[in-house]
Each structure stands twice: as structure tokens, then as C-alpha cells.
Amino acid sequence: SLRRPSPAPTHPSPPRSAAWGRAPIVAVYAAHDALTPGKRANYGELPATAPAPIVVGADTDGKAFSLTALRGKWVLLIANRAGCADACARALYATRQARTIQGREQDRVVRLLLQPPAAPRLTAELAAAHPGLIVAKVDEHELGRLPLGSGAVAAILLLDPRGNLVLRYDADPDIRGLANDLQRVLNASQIG
């Protein structure tokens with residue numbers, strides 16, 4: 001005779017690994033859900049949901065750098081195709097402020113500046129104004145693999161802790177809009 005399966009609990013709790021795997025997806029869907037007509041709540045542009053390219057280069061000390069080393073954190077990535085002039089400085093300021101606004105949650109977010117090898121080092125004044133900023137020099141081809149937008153010299157990308165592209169901003173975003181987006185994804189995700 002057939003054996004009847006025992007009833008499932010009414011509110012099963014998913015295994016930790018299943019919940020962990022869904023967390024980045026929840027953040028991405030939270031951002032995508034905000035795009036319904038008349039209900040747009042996110043400020044940044046939603047690129048095609050995909051993993052960020054594995055960008056490699058060297059840090060300011062000449063040590064090997066890979067974007068994958070930042071997995072596990074939310075990343076505000078400033079991609080800059082030239083030296084850190086006005087657009088880059090504004091992007092650095094905006095990301096610093098948006099991260100600071102997160103209060104105790106700010107430690108879940110790292111800021112990264114990617115530049116071509118020919119770009120000069122950040123001035124001592126600019127570097128001092130941005131403690132904790134990770135700076136890496138990457139080949140122009142590597143920068144070109146990032147979705148900066150048509151003809152953009154610099155852009156800001158938000159990556160989730162699994163390395164997926166979540167949102168894109170121009171180099172001079174509205175700080176409050178960027179901070180609100182960041183708060184929304186941090187609240188929606190329990191990882192990173």
C-alpha cells in the first residue's frame with residue numbers, strides 16, 4: 001500500500017544556505033520592483049542583472065588586485081577612464097557621503113576607485129579626504145568591460161556581495177538619491 005507523507009509544517013523555515021543564496025536576489029528584486037510605472041522608488045539606473053566582469057589590475061602598492069577579492073561586501077565602484085579630475089572627485093564625494101549616511105550599516109559597504117594605469121596617483125589631499133577608499137589601476141580593456149554608459153568617462157556602479165551589478169549612476173549623482181538606494185538594498189539583504 002502507498003504510504004501517506006507526513007504533513008509539512010505550516011511555516012517551515014528555509015535552511016540557512018537557501019536563505020543565504022536568496023538574499024542577493026531579494027535585493028535585486030527589491031530594486032527592480034520599484035520600477036513599476038508610477039512607483040519608481042530607486043534613483044539609479046538598473047543595468048541588465050548580471051555578474052560584474054572579473055576585473056583585475058594592481059593596487060597603489062603594485063600588488064595584484066581582483067574585483068572578486070571584495071565579494072561579501074556591497075561595493076560602490078567608481079570607474080574612471082582618466083585621471084581623477086572633476087567628475088571623479090564628485091563621484092568620490094557622493095559615494096563617501098552616501099556611505100556615511102548609512103550610519104552603523106556603512107561597514108557593509110566598501111568604496112573602490114578603478115582607473116587606467118596612466119592616471120596619476122590621487123593627490124595627498126584627495127586621498128586624505130577619502131579614508132578607506134580602495135584604489136586600483138586596471139587596463140583600459142578591463143574598464144571597458146564595465147557598463148559605464150555610452151561615452152561616459154566616469155560612472156558609479158553598485159555591486160551586491162555576490163558580485164552582481166545592481167545599479168548604475170552617472171559620476172555626479174544626487175547624494176540623497178544614491179544614499180536612499182543604498183539604504184533600500186542594505187535593508188532588503190541580510191548578507192554583506
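Heavy atoms only: backbone and side chains are in, while hydrogens, waters and symmetry mates are out.
- In this structure, Leu165 and Leu157 have side chains that are in contact, with non-hydrogen atoms separated by less than 4.5 Å.
- Summarising the local packing, CZ of Arg121 is surrounded by 12 or fewer heavy atoms from other residues, nucleotides or ligands at distances under 6.0 Å.
- Distance alone, capped at 3.5 Å, is enough to place a donor-acceptor pair between the Arg71 side chain and the Arg162 backbone.
- At most 12 heavy atoms of other shown residues, nucleotides or ligands fall within 6.0 angstrom of atom CD in Glu125.
- Checking Asp181, Asn180, Asn187 one by one against Arg184, the side-chain hydrogen bond (donor to acceptor under 3.5 Å, both in side chains) holds for a single residue, Asp181.
- Note: the hydrophobic cluster containing Leu133 also contains Leu178 (ILVMFWY, side chain heavy atoms under 4.5 Å, direct or indirect links).
- Clustering ILVMFWY residues whenever any of their side-chain heavy atoms sit less than 4.5 angstrom apart, transitively, puts Tyr93 in a cluster other than the one holding Leu182.
- Rounded to the nearest 0.5 angstrom, Leu77 CG and Ile156 CD1 are separated by 9.5 Å.
- In the hydrophobic clustering of ILVMFWY residues, with side-chain heavy atoms under 4.5 Å counting as a link, Ile78 and Val153 come out apart.
- Using a 4.5 Å cut-off on side-chain heavy atoms (C-beta onward), Leu159 and Asn164 make no contact.
- Closest of all the heavy-atom pairs between Ala87 and Ala154 is CB-CB, 4.4 Å.
- In this structure a side-chain-to-backbone donor-acceptor pair under 3.5 Å is missing from Asp172 to Arg90.
- For the atom pair Asp139 CG and Lys137 NZ, the distance stands at 13.0 Å (nearest 0.5 Å).
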Requested in this report: Could you go through the side-chain contact (heavy atoms from CB on, under 4.5 Å) check for Asp59 and Ile134 one step at a time?
Outcome: CA-CA 8 Å; Asp59 67 14; Ile134 300 167; 5.9 Å; no

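- Looking only at distances, no side-chain donor or acceptor of Arg96 sits under 3.5 Å from a matching main-chain atom of Pro131.
- A distance-only check finds no donor-acceptor pair linking the side chain of Gln106 to the backbone of Ile101 [under 3.5 Å].
- Counting only heavy atoms from C-beta outward, the side chains of Trp74 and Asp160 approach each other to under 4.5 Å.
- Considering every non-hydrogen atom in both Gly44 and Tyr169, the closest pair reads CA-CE2, 3.3 Å.
- Arg99 places no side-chain N or O within 3.5 Å of a backbone atom of Arg111 that could act as its donor or acceptor partner.
- When atom types are taken as modelled, the side chain of Gln115 and the backbone of Asn80 share no donor-acceptor pair closer than 3.5 angstrom.
- Taking CD1 from Ile54 and CD from Glu142, the interatomic distance works out to 10.0 Å, rounded to the nearest 0.5 Å.
- Shortest non-hydrogen contact noted between Asp107 and Lys73 is O-NZ, 2.6 Å.
- Two residues are said to be in side-chain contact when any heavy atoms from C-beta on lie closer than 4.5 Å; Leu67 and Leu112 meet this criterion.
- A heavy-atom distance below 4.5 Å is found between the side chains of Leu146 and Leu114.
- In this structure a side-chain-to-backbone donor-acceptor pair under 3.5 Å is missing from Ser189 to Leu186.
- Side-chain atoms of Val135 and His130, non-hydrogen and from C-beta on, never get closer than 4.5 Å to each other.
- Under the 3.5 Å distance criterion, the side-chain polar atoms of Asp61 are left unmatched by any main-chain donor or acceptor of Lys63.
- Atoms CG and CG, from Leu126 and Leu92 in turn, are 5.5 Å apart once rounded to the nearest 0.5 Å.
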